[in-house]
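Here is the structure we will look at, set down as C-alpha cells.
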Amino acid sequence: MFIRAIDQVICKFLCFIFGILLVLSLFIKAMYSFGDFPYFTRTTWMDLLACIICLLFYYLIYRFAGKIEKIHTAFLWVSFGAIALVYIILVPLTPFSDMFYVDYGAKLIGDGNTNEILGNAYLQMISKNLKVAFFYGLFLQFLPATTFSIKCINILCYLVTIHFISKISENLRYKYPKNVFILGGTFLPILMYCNHVYFDLPTLCFCILGVYFYTRHDRKLLIAALFLGIACCLRVLAYLFVIAILFDFLFRNYKVLLENHCRKLFSLLLSTLIIASIPILVNDYVNRTYRTEEAQNESIWTLFCMGINEEEFGFMHNEILNGEKSFQDFSHLLLSRDITQNTKLFSRKIFWTWSQGTYQAERYGFGNNVTVYSEKFEYETVATKYLMNDGQILRKAVNAMCRAEYLFLFGFMIVELWHLDAAGRDRFRIFYYLLFGTFLILIFYEMKSRYVFSCIPAMLLLAARGGENLPIKRMRLREREENGTEESLTDLP
C-alpha cells in the first residue's frame with residue numbers, strides 16, 4: 001500500500017509539473033543561442049506548421065499501425081541505417097569543443113599512441129571524457145582511425161537503441177512495437193546525435209540494453225547489470241537507470257526478500273557488485289594506462305555551482321570555471337540568495353531544460369554559426385551551404401520539427417502518466433522514476449537540455465502507450481455515453 005502511494009504521488013507530481021511546462025511552451029519558446037547562452041522567445045508560424053505536420057504523421061502512424069506491424073525488422077534497420085549514413089555523409093561535421101578532444105583521444109588510442117594522450121592537458125584533466133575516448137578507441141583498433149568510423153559507431157548505437165526500445169515495448173505487451181521503432185527512428189534529435197562524437201548515444205544504448213534484459217524477466221538482472229556497469233563507465237547519469245531498476249526490483253520482490261529468499265537476494269547483491277565493479281576496474285585501467293600520476297580530476301561541484309549561477313540561470317558560465325569548487329562553495333552560493341531570487345532562478349531553469357525540446361541537437365548535429373564551410377565541415381556537400389548558421393530556413397525548420405516532435409511525445413506521455421492505474425504504475429515504474437530522478441538532479445546541476453536526452457526512452461514508451469490507448473479510451477467513453485442513454489430511456493414513463 002505504501003509503495004503504491006509513493007508511485008501515485010510521483011506520477012501525479014510529474015503530471016502537474018510537466019503539464020504546466022507543456023502549456024507554457026505552447027506560447028513561450030525556450031531557445032539556445034549559438035553565442036552559447038539560453039533565452040526565451042515567442043512561438044512562430046513555423047512552430048505551428050511543424051505541429052500540424054507532426055499531428056498528421058502521428059495520425060497516419062496509428063491509422064495504419066496494423067500494416068506497419070507487418071514490416072520486417074530487417075527492413076527498418078536497413079532503412080533507418082541508410083538514412084543515418086546519408087546524414088553523416090551529407091553533413092560531415094568536424095568535432096569541436098569537448099567533442100574534438102574525444103575524437104582526438106579515440107584516434108590516439110586506436111593507433112596505440114599513449115604518449116600523446118599523457119601530454120594532453122585536457123584529457124588528463126577531464127577523465128570522464130578520456131573514458132569516452134577509450135570506448136571509441138577500442139573500436140578504432142579494428143576500424144580506420146577516422147571521425148567517420150566513430151560516427152558509424154554512433155549509427156550502430158542509434159539503431160540498437162531504437163530497436164531495443166521497441167523490444168522493451170514487446171516485453172511490456174504493447175500492441176504495436178513497430179510503431180515504437182518508427183517513432184524512435186524518426187525522432188530527429190536521436191538521428192542528429194549520430195554526428196555527435198560524445199558519450200550520449202553510447203551511454204543511452206547500454207542503458208537501454210540493461211533495461212531490456214531486466215524487463216524481459218527480472219531473473220536477467222545479472223545480464224542487465226553488465227550493460228548498466230558499462231554505461232556507468234561512460235557517464236554517471238547511467239546511475240539514474242541503475243537506481244530506478246533497483247527500486248523497481250526491491251518494490252516488486254520485497255515480500256520474497258523479507259522471507260529470506262536466497263536466490264533473489266543473491267541476484268540483487270551480485271548485480272549491485274557487478275555495477276559497482278565495472279566502473280572501478282575501467283577507471284583503474286584508464287588511469288594507469290592513459291593518465292599521469294600528477295593528473296587531477298575536475299570537481300563535480302564545479303558543475304553544481306554552474307547550475308545555480310544567476311547570470312544564465314544555470315547554463316555554462318565561464319567565470320564559474322575559475323578555480324576548483326567544493327560543496328561549501330555550492331552551499332554558500334545557494335544560501336546567499338533570498339527565496340525570491342532562487343525561485344526565479346529555478347523556475348526559469350526548469351522551464352528551459354524541459355521545454356527546449358531539441359536537446360540542443362542543432363548544435364551537435366550541424367555545428368556552430370560560420371561563414372565558410374571549411375570552418376566546421378570536413379568537406380563541402382550539397383547540404384552544407386544550407387546549414388552554415390541558425391538563421392537559415394532549413395536550420396529553422398529542423399529546429400521547429402525537433403521541438404514539435406518533442407512536445408507531442410511530452411504531451412502523450414503526460415496523458416498516459418495521468419491515466420496509469422495501479423498495475424500500469426507497477427509496470428512503468430522504471431521510466432517515471434527515471435524522469436523523477438532526472439528532474440530532481442537537474443534542479444541543481446549545470447543546465448543543458450542535452451542532459452534530458454537519457455529520458456527519451458521513458459518519454460517514447462509512455463507516449464507510444466498513450467497513443468495506443470487513445471482509441472480504447474474513446475471507445476470506452478462512447479460505450480458509457482450509449483449505456484447512459486439506454487438507462488435514461490428505460491427510466492421514461
Side-chain angles (χ1 to χ4, degrees), residues 11 15 51-84 158-191 204-205 207-217 401-402 404-421 423-432 434-435 455-479:
C11 280
C15 287
C51 287
I52 294 172
I53 293 171
C54 281
L55 180 62
L56 178 62
F57 175 71
Y58 290 137
Y59 169 76
L60 293 174
I61 284 289
Y62 284 101
R63 175 70 177 79
F64 299 103
K67 294 182 178 179
I68 290 172
E69 203 57 32
K70 296 176 182 178
I71 298 174
H72 200 283
T73 302
F75 177 79
L76 294 175
W77 268 73
V78 171
S79 299
F80 286 109
I83 291 169
Y158 158 73
L159 292 171
V160 170
T161 298
I162 59 176
H163 174 79
F164 279 97
I165 291 175
S166 171
K167 298 297 284 184
I168 290 169
S169 72
E170 283 187 19
N171 293 345
L172 298 175
R173 299 186 182 89
Y174 279 39
K175 190 176 181 181
Y176 304 117
K178 298 285 175 60
N179 263 18
V180 178
F181 195 114
I182 291 175
L183 287 174
T186 56
F187 190 48
L188 288 178
I190 306 181
L191 173 65
L204 184 62
C205 178
C207 287
I208 287 304
L209 286 168
V211 174
Y212 164 72
F213 280 103
Y214 175 72
T215 56
R216 190 174 178 184
H217 199 292
M401 282 302 300
C402 286
E405 285 186 292
Y406 178 89
L407 291 180
F408 268 92
L409 291 181
F410 203 60
F412 278 123
M413 177 191 72
I414 294 168
V415 170
E416 181 61 17
L417 277 174
W418 181 261
H419 287 102
L420 284 178
D421 56 15
R425 288 193 294 271
D426 187 59
R427 187 181 303 122
F428 290 97
R429 184 181 291 115
I430 296 171
F431 305 107
Y432 59 81
L434 173 66
L435 290 164
C455 294
I456 288 177
M459 288 181 57
L460 192 60
L461 286 163
L462 288 165
R465 184 70 171 178
E468 283 188 4
N469 287 338
L470 279 177
I472 297 172
K473 287 167 185 172
R474 285 200 301 270
M475 288 172 61
R476 287 176 180 170
L477 182 61
R478 193 179 298 120
E479 287 174 1

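Remember, predicted model here, so these are calculated numbers, not experimental data.
In this structure the side chain of Lys167 never reaches within 4.5 angstrom of the side chain of Asn171, judged on heavy atoms. Using a 4.5 Å heavy-atom threshold, the side chains of Leu172 and Arg465 count as separate. Contact annotation: the side chain of Arg425 approaches that of Tyr432 to within less than 4.5 Å [non-hydrogen atoms, C-beta and beyond]. Residues Lys178 and Thr73 have side chains in contact (heavy-atom distance under 4.5 Å, counting atoms from C-beta outward). With contacts defined as side-chain heavy-atom distances shorter than 4.5 Å, the pair Ile162/Leu76 does not qualify. Contact check for Tyr58 versus Glu405: side-chain heavy atoms found under the 4.5 Å cut-off. The side-chain heavy atoms of Thr161 and Ile190, taken from C-beta on, include no pair separated by under 4.5 Å. Two residues are said to be in side-chain contact when any heavy atoms from C-beta on lie closer than 4.5 Å; Phe408 and Leu183 fail this criterion.
What you find for Val160 and Cys205 is that their closest heavy atoms are CG1-SG, 3.5 Å. Smallest separation of non-hydrogen atoms from Ile168 and Tyr212: CG1-CA, 3.6 Å. In plain terms, the two heavy atoms of Cys51 and Ala404 that are nearest each other are N-CB, 3.8 Å. In plain terms, the two heavy atoms of Cys11 and Leu420 that are nearest each other are SG-CD1, 4.3 Å. Between Leu435 and Met413, the shortest heavy-atom distance links the atoms CD1-SD, 3.7 Å.
Other residues, nucleotides and ligands contribute at most 12 non-hydrogen atoms within 6.0 Å of the CH2 atom of Trp418.
One distance of note links CG of Leu204 with CD1 of Ile165; it measures 6.0 Å at 0.5 Å rounding. Atom OH of residue Tyr59 and atom CZ of residue Phe64 lie 7.0 Å apart, to the nearest 0.5 angstrom. Considering CZ of Phe213 and CG of Leu209, their distance stands at 6.5 Å, rounded to 0.5 Å. Asn179 CG to Glu69 CD: the interatomic distance, rounded to the nearest 0.5 Å, is 7.0 Å. One finds the OG atom of Ser166 at 9.0 Å from the CG atom of Leu461 (value rounded to the nearest 0.5 Å). Atom CD1 of Ile456 sits about 9.0 Å away from atom OH of Tyr406, to the nearest 0.5 Å.
Checked by atom type and distance alone, the side chain of His419 pairs as donor or acceptor with a backbone atom of Val415 at under 3.5 Å.
Ring-plane geometry between Phe181 and Phe80 is classed as tilted, the angle between the planes lying from 30 to 60 degrees on a 0 to 90 degree scale. Taking the six-membered ring where the residue is Trp, Phe428 and Phe431 present tilted rings, their angle falling between 30° and 60°.
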Evaluate the side chain to side chain contact (heavy atoms under 4.5 Å, CB included) criterion for residues Ile182 and Phe57: first the C-alpha distance (whole Å), next the side-chain angles of each, then the deciding distance (0.1 Å), finally the verdict.
-> CA-CA 11 Å; Ile182 291 175; Phe57 175 71; 4.2 Å; yes
Given Tyr174 and Val180, is the side chain to side chain contact (heavy atoms under 4.5 Å, CB included) satisfied, shown in steps?
-> CA-CA 9 Å; Tyr174 279 39; Val180 178; 4.0 Å; yes
